[in-house]
S.K.: 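Pasting a structure below so you can have a look.
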Amino acid sequence: MLSKFKIVLVETSHPGNIGAVARAMKNMSMENLCLVAPKIFPSADATARASGANDILSSLERCETLEQAVADCHVVVGASARDRTISWPELAVRECAEKFVSAAFSDVRIALVFGRENSGLKNHELDLCQYLLRIPCNPDFSSLNLAAAVQVVCYELFIAAGDYRQPEIGDRGADPLATAEQMEFFYQHLHQTMQDIGFLHPDKSKTIMRRLRRIFNRTHLDVKELDILRGILRFSQNHNVKKGND
Ligand code: SAH
């Protein structure tokens, strides 16, 4: 899902930032990094700041110009902290992530371009971009560190892609989920047990059963879990009968 995105860094000065970008990307399951004419790379600083995201550093693409870097992309987005005199269509980062992660852009390659630490992107580079991406922040202090900006953008892409979600219901273990019929038997058993042990007042039985169903509907029980609960119910019933006979 995120492999269609390429992070492009233009003329980065500090190799440590390149390493920190690689780390930020890997944290968010992104892998395509492209450097346009970096000042210093490779470098021990980059490797150190990558903190183990070495695969991203060793597989990155290098280009001489931004034109070459984005040549294989269908959409080019430039990240900029500055207000421009000429206006480009602007996207806030979340809006950008939602727009391009969506199925409507499933077959397109998208470049996200980040500028130099000291001077950002030049206007002729923004001319290659269809959109300008902005990370909303303090208007009086709006320039993030390069790697921090990449981190925010990759995080939003990751969230929009939904990769953080827990495994789907039913994927959790080897045991299949209980069927509706098995759940109905369970509710009958629960209802009966609550009567047997004198817990359920017949007048309130409907509301309580509805609330109990709501609890179990939220948890999606599997058959093993249901077996355990029914074992407890059986035990309570037997125990209650025994006590009654004593
Ligand atoms: N001093 C530079 C900013 C450099 S920060 C300038 O005046 O433009 C390095 C890069 O990080 C920027 O070129 C931009 O790509 C990205 N960046 C930093 N803050 C950002 C923000 N608030 N929104 C979008 N991108 C940002």
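First listed ligand is number 1; within each ligand, the first listed atom is number 1.
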S.K.: Any carboxylate oxygen within less than 4.0 angstrom of a Lys/Arg side-chain nitrogen, looking at Arg134 and Glu95?
M.R.: no
S.K.: Decide yes or no for His189 and Gln237: does some side-chain heavy atom of the first lie under 4.5 Å from some side-chain heavy atom of the second?
M.R.: yes
S.K.: Closer than 4.0 angstrom, basic N to acidic O: yes or no for Lys39 and Glu117?
M.R.: no
S.K.: Would one find an N or O of Phe114, backbone or side chain, under 3.5 Å from an N or O of ligand 1?
M.R.: no
S.K.: Using a 4.0 Å cut-off to any heavy atom of Ser80, which atoms of ligand 1 qualify?
M.R.: 23 (N), 24 (C), 25 (N)
S.K.: Could you tell me whether Glu31 and Lys26 make a salt bridge, using a distance below 4.0 angstrom between a side-chain N and a carboxylate O?
M.R.: no
S.K.: Would you say Met194 and Phe235 are hydrophobically clustered, going by side-chain heavy atoms of ILVMFWY under 4.5 Å?
M.R.: no
S.K.: Are any of the N or O atoms of Ile135 closer than 3.5 Å to those of ligand 1?
M.R.: yes
S.K.: Could you list the atoms of ligand 1 found under 4.0 angstrom from a heavy atom of Arg116?
M.R.: 4 (C), 9 (C)
S.K.: Provide the number and element of each atom of ligand 1 under 4.0 Å from a heavy atom of Gly120.
M.R.: 2 (C), 6 (C), 8 (O), 13 (O)
S.K.: Taking both backbone and side-chain atoms of Arg134, is any N or O found less than 3.5 Å from an N or O belonging to ligand 1?
M.R.: no
S.K.: Considering the heavy atoms of Cys137, write down every atom of ligand 1 situated less than 4.0 Å from one of them.
M.R.: 22 (N)
S.K.: So between Ala92, Ala81, Pro139, whose heavy atom ends up nearest atom 20 (C) of ligand 1?
M.R.: Ala81
S.K.: Near Ser142, which atoms of ligand 1 are under 4.0 Å from a heavy atom of that residue?
M.R.: 19 (N), 20 (C), 21 (C), 22 (N)
S.K.: For residues Leu233 and Tyr187: do they belong to one hydrophobic cluster (side chain heavy atoms under 4.5 Å, members Ile, Leu, Val, Met, Phe, Trp, Tyr)?
M.R.: yes
S.K.: Can you sort out which atoms of ligand 1 are near Asn118, meaning under 4.0 Å from one of its heavy atoms?
M.R.: 1 (N)
S.K.: Please could you name the atoms of ligand 1 that Gly115 approaches to less than 4.0 Å, counting only its heavy atoms?
M.R.: 9 (C), 10 (C), 12 (C), 13 (O), 15 (O)
S.K.: Leu146 versus ligand 1: do any nitrogen or oxygen atoms come within less than 3.5 Å of each other?
M.R.: no
S.K.: Of all the atoms in ligand 1, which lie at a distance below 4.0 Å from a heavy atom belonging to Glu117?
M.R.: 1 (N), 2 (C), 4 (C)
S.K.: Between Lys6 and Asp72, is there a salt bridge with N-O shorter than 4.0 Å?
M.R.: yes
